[in-house]
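Just below is one structure, and these are the notes that go with it.
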Amino acid sequence: MIRRSVISLIAALILGYSAAAHPGAAFGHGSGYRQSKIDAVALEFYYSTGEAMAYQETKVYSPGGEGIAYQSGRTDEFGRYSFVPATEGEWRVEVKDDEGHRAEALIPITAEFMEGASDGTAVPVQSSLPQGADLFVRALLGVSLIFNAAAFVRLKRSGAKGEEAAGCTSAKGF
Amino acid sequence: MHISEGFLTLPSLAVGWAAAAAGVSVGLKRIDPDGIVKVAMASSVFFLASLINVRIPPASTHLSLIGPIGLLLGWSVFPAIFTALLLQAVLFQFGGLAVLGVNTSTMAASALCAHLLFGRAVRGRSAALSAAASFAAGAMAVVMGAALVGIWLAASDPKMLASAYAIFIAHIPLAVIEGIAALFMTSFLRRSYPDILNAAGLR
């Protein structure tokens with residue numbers, strides 16, 4: 001009886017000491033949260049039709065960290081994804097859907113951004129499709145190039161036929 | 001229907017380029033100087049059609065018009081689509097240069113099949129049969145293109161097999177729309193410029 005009481009007393013003392021010395025450890029890892037001092041980079045991914053790339057697989061690659069994703073997840077309902085960069089340099093964010101579409105964002109993170117002194121303009125705007133006059137000019141350029149290529153092929157064919165005809169005439173002359 | 005860079009393995013890209021090169025080579029040989037303008041016009045239509053958005057709730061996509069272009073061009077659809085896709089990749093960042101071979105062979109093969117299967121009926125004397133064949137050609141080309149996209153993706157990554165079915169199903173509404181577009185286009189051409197439907201200038 002006395003022996004059992006002594007063992008219980010020793011066990012209680014050990015537990016008491018542990019709790020006093022390491023209050024967090026006594027109940028497993030404690031956890032908490034605070035606002036990040038570094039701004040998050042929030043991106044919005046969309047198709048050329050204007051539709052959001054919603055719920056699509058997203059991978060973030062740190063500068064020089066190609067091959068292994070620094071972070072991965074999915075875009076939200078509105079095609080948005082955000083991450084907090086750990087170092088300065090060029091970060092790459094890749095979004096892929098299941099139908100063979102892929103969007104890639106290259107984000108240059110500066111020292112000012114990491115120090116929180118940036119005005120939040122780290123993300124360069126890149127439209128999935130040129131807009132307005134730029135779109136019109138590119139469309140016109142494309143059509144023009146197609147007809148120029150066709151004219152080139154036609155001239156080449158006509159030239160080849162002309163040479164063939166000239167060859168036949170000179171052969172007949174001999 | 002454009003596959004972007006980064007999805008396909010090197011062997012798939014190589015097979016795509018080989019198929020596209022063979023098709024473009026045959027297509028170029030079959031163009032007469034007189035038929036080049038027709039090829040350029042069809043190529044321009046394909047190039048611009050991708051800028052026209054079609055809203056099919058809950059998603060939206062863009063037109064391709066590969067069926068009608070196939071009906072007009074036959075084998076010459078390969079150089080026409082190759083040129084347009086090259087310019088789309090450079091000017092609009094649609095698809096990509098590495099996947100240009102795969103995208104060309106996918107769309108041009110679908111367009112060529114539409115021509116081979118329905119071309120004769122579309123050019124035939126019966127207007128009703130021509131209309132039905134035009135619709136079938138437009139729809140079939142899209143369905144076949146979607147199936148080929150799924151096959152390319154599944155061949156590079158077997159985990160994408162489920163996606164292949166989803167792509168196929170997702171393109172059915174677009175197939176109906178493109179079938180109707182093909183029907184209107186060929187009906188208009190039969191009335192206003194019937195010679196263009198014949199393979200004049202294209203061997």
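So you know, we letter chains A, B, ... as the sequences are listed, proteins then strands, and number each from 1.
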Between B:Ile3 and chain A, which part of the residue has a heavy atom less than 4.5 Å away: side chain, backbone, both or neither? both
Side chain from CB out, backbone as N, CA, C, O: work out which of these in B:Glu5 comes under 4.5 Å of a heavy atom of chain A, or both, or neither. both
Minimum heavy-atom distance between [X] and [Y], given as atom pair plus value:
X        : Y        : result
B:Phe47  : A:Ile146 : CB-CD1, 3.9 Å
A:Arg138 : B:Val90  : NH1-O, 4.5 Å
B:Gly6   : A:Lys96  : O-NZ, 2.9 Å
A:Phe147 : B:Ser44  : CE1-OG, 3.2 Å
A:His101 : B:Phe7   : O-CZ, 3.1 Å

Among B:Leu48, B:Leu8, B:Thr83, who wins on heavy-atom pairs under 4.5 Å with chain A? B:Leu48
Can you tell if the side chain of B:Ile31 reaches within under 4.5 Å of the side chain of A:Val153, non-hydrogen atoms only? no
Count the heavy atoms of every other residue, nucleotide or ligand shown that sit under 6.0 Å from CE of B:Met41, and state whether that count exceeds 12. no
Give me the contact list for residues 53-64 of chain A versus chain B, heavy atoms only, anything under 4.5 Å, ordered by residue number. none
With sequence neighbours excluded, what pairs up with A:Trp91 under the side-chain hydrogen bond (donor to acceptor under 3.5 Å, both in side chains) test? none
Could you grab the distance from atom CZ of A:Phe136 to atom CG of B:Leu51, nearest 0.5 Å is fine? 12.0 Å
Once rounded to the nearest 0.5 Å, what's the spacing between atom CG of A:Leu140 and atom CG of B:Leu91? 11.0 Å
